[in-house]
Amino acid sequence: MASEFDLIRQYFTRPTSHTNLGVGDDAALLTVDQGHELAISVDMLVAGTHFLADTNPRQLGWKSLAVNISDMAAMGAEPKWATLAIALLAADESWISAFAEGFFACAEKFRVDLIGGDTTRGPLCISVQIMGQIPAGRALRRDGAKAGDDIWVSGQLGDAALALNHLLSKHPLTDDELAQTLPALLQPQPRVALGLALHNVAHSAIDISDGLLADLGHILKASGLGAELCLDDIPRSAIMQQHLTRSSVLNMLLAGGDDYELCFTADADSHDRIMQIAQQLDIRLSRIGRTSAKPGLVIKDRQGNTIETGASGFDHFRQ
Ligand code: ADP
Ligand code: MG
């Protein structure tokens with residue numbers, strides 16, 4: 001049976017590219033570029049709460065790092081380093097090896113060094129801390145939105161929620177629909193390049209992890225604003241569009257969560273610049289509404305009818 005230290009050496013120790021001292025000592029050492037701020041965020045993924053216990057370990061490895069990189073994207077930070085604290089029920093090496101493969105596939109794609117962590121026995125739980133850097137003062141904060149800003153969203157929303165609801169036997173999809181929506185759930189692609197391109201363009205940003213309404217709500221609250229959204233402008237896949245005939249699916253679009261797209265606000269004058277960024281990065285960017293000094297979040301259809309959603313994002317402590 002492999003020891004804790006064998007597991008760390010074999011599965012979680014890889015060469016680093018921009019770290020002074022990585023895995024193996026009591027602490028890692030790193031240098032932040034001059035004139036930059038360090039951006040740090042941590043997330044915990046608990047089996048049964050954040051993922052199904054039988055989730056494929058390779059996909060889980062990818063996702064546990066990707067959701068943290070998404071927080072860097074939302075700040076406009078360049079992700080650089082991560083630590084990984086993991087509790088495992090047993091030293092199941094085929095599971096750990098697949099998990100590490102997915103984790104490092106994501107780390108390599110986004111040029112993140114794994115520089116340390118902790119490995120312990122316990123109910124399956126994964127905590128990743130991510131560190132990145134931002135030119136000082138350039139971070140895309142939640143409290144920077146201004147009244148009259150356009151509200152933008154990247155990509156399309158709700159596919160991850162559709163796939164999850166299928167897996168939970170709550171809303172069946174065809175095999176083909178499942179194949180097309182599953183990647184959004186299992187292998188989210190954090191919008192790092194977009195976050196970096198939005199320096200000096202966006203006034204505020206957040207990544208959509210708990211659903212558009214909840215996460216946009218955080219920007220509005222932090223900035224002391226309200227907003228009006230146009231439902232028809234909220235980007236969705238053709239599959240989502242078809243399923244929207246069922247009213248329960250509206251919640252998946254607006255409040256489903258696990259989208260890992262960016263929601264940001266910017267001056268209306270920045271419209272052309274933002275469309276240029278969309279083209280350069282080959283990302284769909286949609287203007288979905290506008291902020292207002294008047295508090296509250298109103299959603300209307302194109303005809304101007306108010307939509308009652310009753311939807312709110314995911315909250316771990318709400319009953
Ligand atoms: P300590 O007892 O000093 O906390 P550990 O025995 O927990 O050290 O870890 C030994 C080394 O391995 C440390 O550098 C730690 O950061 C690293 N490490 C432990 N677990 C992991 C992991 N899952 N991924 C990456 N590095 C890890
Ligand atoms: Mg330790």
Side-chain angles (χ1 to χ4, degrees), residues 1-33 36-75 77-133 186-190 192 207 209 258 260:
M1 181 107 160
S3 77
E4 173 191 334
F5 303 101
D6 295 335
L7 294 177
I8 295 167
R9 195 171 49 242
Q10 187 161 358
Y11 298 109
F12 296 118
T13 309
R14 297 240 183 137
T16 53
S17 70
H18 43 261
T19 301
N20 307 344
L21 183 65
V23 171
D25 213 312
D26 295 310
L29 300 173
L30 53 86
T31 307
V32 181
D33 288 346
H36 286 65
E37 289 180 290
L38 192 58
I40 304 179
S41 173
V42 66
D43 257 314
M44 190 150 67
L45 299 177
V46 178
T49 303
H50 300 91
F51 60 92
L52 308 173
D54 62 354
T55 297
N56 172 308
R58 193 178 195 289
Q59 289 160 341
L60 187 60
W62 174 284
K63 189 164 176 176
S64 59
L65 181 57
V67 300
N68 282 278
I69 292 177
S70 178
D71 285 317
M72 294 289 102
M75 293 303 283
E78 181 190 3
K80 305 268 289 185
W81 304 280
T83 61
L84 166 66
I86 185 163
L88 298 161
L89 280 171
D92 174 349
E93 290 198 50
S94 72
W95 193 98
I96 297 170
S97 157
F99 175 88
E101 234 179 77
F103 187 96
F104 282 109
C106 187
E108 271 157 34
K109 174 156 186 187
F110 292 95
R111 303 199 63 251
V112 169
D113 283 349
L114 179 65
I115 61 169
D118 202 21
T119 305
T120 178
R121 186 188 290 264
L124 182 58
C125 176
I126 298 149
S127 179
V128 175
Q129 182 181 49
I130 185 93
M131 285 149 278
Q133 60 177 31
L186 300 179
Q187 205 168 353
Q189 304 288 328
V192 173
D207 66 321
S209 54
D258 261 351
Y260 301 104

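Hydrogens, waters and symmetry mates are skipped; everything else that's a heavy atom, side chains included, is used. Both counts, for ligands and for their atoms, begin at 1 and track the order of listing. Position 1 is the first residue of the sequence, and the numbers go up from there.
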Distance-only donor-acceptor hits, side chain of residues 77-84, under 3.5 Å, sequence neighbours excluded:
residue: Trp81; atom: NE1; partner: His18; partner atom: O; Å: 3.0
residue: Trp81; atom: NE1; partner: Thr19; partner atom: OG1; Å: 3.2

Option passing side-chain contact (heavy atoms from CB on, under 4.5 Å) with Asp43 (candidates Val128, Leu65, Val67): Val67
Can you tell me if Ser64 uses its side chain to pair, donor with acceptor, with the backbone of Leu60 under 3.5 Å? yes
Could you list the atoms of ligand 1 found under 4.0 angstrom from a heavy atom of Thr119? 19 (C), 20 (N), 21 (C), 22 (C), 23 (N)
Closest to atom 12 (O) of ligand 1 among Thr83, Leu7, Ile8 (heavy-atom distance): Ile8
Taking only heavy atoms of Glu4, which atoms of ligand 1 are found under 4.0 Å from at least one of them? 6 (O)
Within residues 45-67 or reaching into it, pairs that qualify as salt bridge (Lys or Arg N to Asp or Glu O under 4.0 Å) - sequence neighbours excluded: Arg58-Glu101, Lys63-Asp258
Asp26: numbered ligand 1 atoms lying under 4.0 Å from its heavy atoms: 3 (O)
Taking all heavy atoms of Ala39 and all of Met72, pick out the closest pair and write down the distance. O-CE, 3.6 Å
Under a heavy-atom criterion of less than 4.0 Å, does Tyr11 contact ligand 1? no
Work out which heavy atom in Val46 is nearest to a heavy atom in Cys125; give both atom names and the distance. CG2-SG, 4.1 Å
Can you confirm, on distance only, whether ligand 1 has an N/O atom lying under 3.5 Å from any N/O atom belonging to Gly24? yes
Give the atoms of ligand 1, by number and element, whose distance to some non-hydrogen atom of Asp25 is under 4.0 Å. 13 (C), 14 (O)
Is the closest N or O pair between Ile86 and ligand 1 shorter than 3.5 Å? no
